[in-house]
Amino acid sequence: MSATTTTKNAQNLLARMLRVAKSYKDYNVREYLVRRTNDTYELNKEKPEEFEKFAEKELKWMERQEKVYEMYGSERKSVLDDDDVATRK
């Protein structure tokens, strides 16, 4: 596999991971996953194969966990929404 193909694969995986991370409703989880994904990509920019290994493993977990949060997660998206939740009750 050529270096450009590997780099393209890593960029595609980065985009997929960020898309999944941004789909989380919970602010804290969403921001953590975006930050973690970007940090890992930056650390492995020179070694796209390493990022691909990480991304393939983590992407599966992120997608599964997002479905779980969707089914069982809180309606509250952020602690900033506390006043809004209190007024609905």
Side-chain angles (χ1 to χ4, degrees):
M1 190 178 293
S2 70
T4 55
T5 305
T6 303
T7 303
K8 284 287 186 195
N9 288 344
Q11 290 171 345
N12 288 338
L13 285 167
L14 172 66
R16 283 181 56 201
M17 286 183 76
L18 290 174
R19 194 175 316 115
V20 170
K22 290 177 182 178
S23 70
Y24 278 79
K25 292 178 183 174
D26 186 289
Y27 173 81
N28 293 322
V29 175
R30 182 175 60 242
E31 292 302 311
Y32 168 75
L33 291 174
V34 167
R35 185 176 61 248
R36 182 170 180 240
T37 300
N38 286 328
D39 289 349
T40 305
Y41 182 76
E42 288 298 318
L43 283 173
N44 294 307
K45 219 172 195 176
E46 302 301 320
K47 302 175 275 182
E49 305 84 20
E50 293 294 320
F51 180 75
E52 284 181 29
K53 288 178 191 173
F54 166 80
E56 288 169 357
K57 181 181 76 170
E58 293 296 307
L59 191 56
K60 291 175 187 174
W61 171 88
M62 288 170 63
E63 289 170 338
R64 279 193 317 266
Q65 195 63 34
E66 195 272 331
K67 298 296 182 205
V68 171
Y69 272 102
E70 195 175 293
M71 291 188 304
Y72 301 107
S74 171
E75 288 183 27
R76 186 174 84 174
K77 297 177 184 173
S78 168
V79 294
L80 300 175
D81 295 337
D82 278 348
D83 291 337
D84 186 40
V85 172
T87 58
R88 280 191 259 162
K89 290 183 179 179

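FYI, side chains are in, hydrogens and waters are out, and symmetry mates aren't considered; it's all heavy atoms of this structure. Predicted model only: the values in this text are computed from it and were never measured.
- Here K67 contributes atom NZ and S23 contributes atom OG; the two are 7.5 Å apart, rounded to the nearest 0.5 Å.
- Residue N9 holds its CG atom at 12.5 Å from CG of L14, rounded to the nearest 0.5 Å.
- For the pair K45 and F51, the minimum side-chain heavy-atom distance is 4.5 Å or more.
- Between M62 and M17 the shortest heavy-atom distance is CE-O, 3.4 Å.
- Here the shortest heavy-atom pairing between A10 and E52 reads N-OE2, 3.8 Å.
- Using a 4.5 Å heavy-atom threshold, the side chains of E50 and F54 count as separate.
- Note that NZ of K47 is 10.5 Å distant from NZ of K53, once rounded to the nearest 0.5 Å.
- Remark: E66 does not engage R19 in a salt bridge, criterion side-chain N to carboxylate O under 4.0 Å.
- Residues K25 and R30 approach most closely at O-NH1, 3.1 Å, considering heavy atoms.
- Of the inter-residue distances, the one linking L43 atom CG with N38 atom CG reads 11.0 Å to the nearest 0.5 angstrom.
- Contact between Y24 and V29 at its shortest, heavy atoms only, is CD2-CG1, 3.4 Å.
- The structure places CD of E70 at 12.0 Å from CD of Q65, a figure rounded to the nearest 0.5 Å.
- In this structure, Y32 is a member of the same hydrophobic cluster as L59, with clusters built from ILVMFWY side-chain heavy atoms closer than 4.5 Å.
- Here NZ of K8 is found 13.0 Å from CG of L13. Values are rounded to the nearest 0.5 Å.
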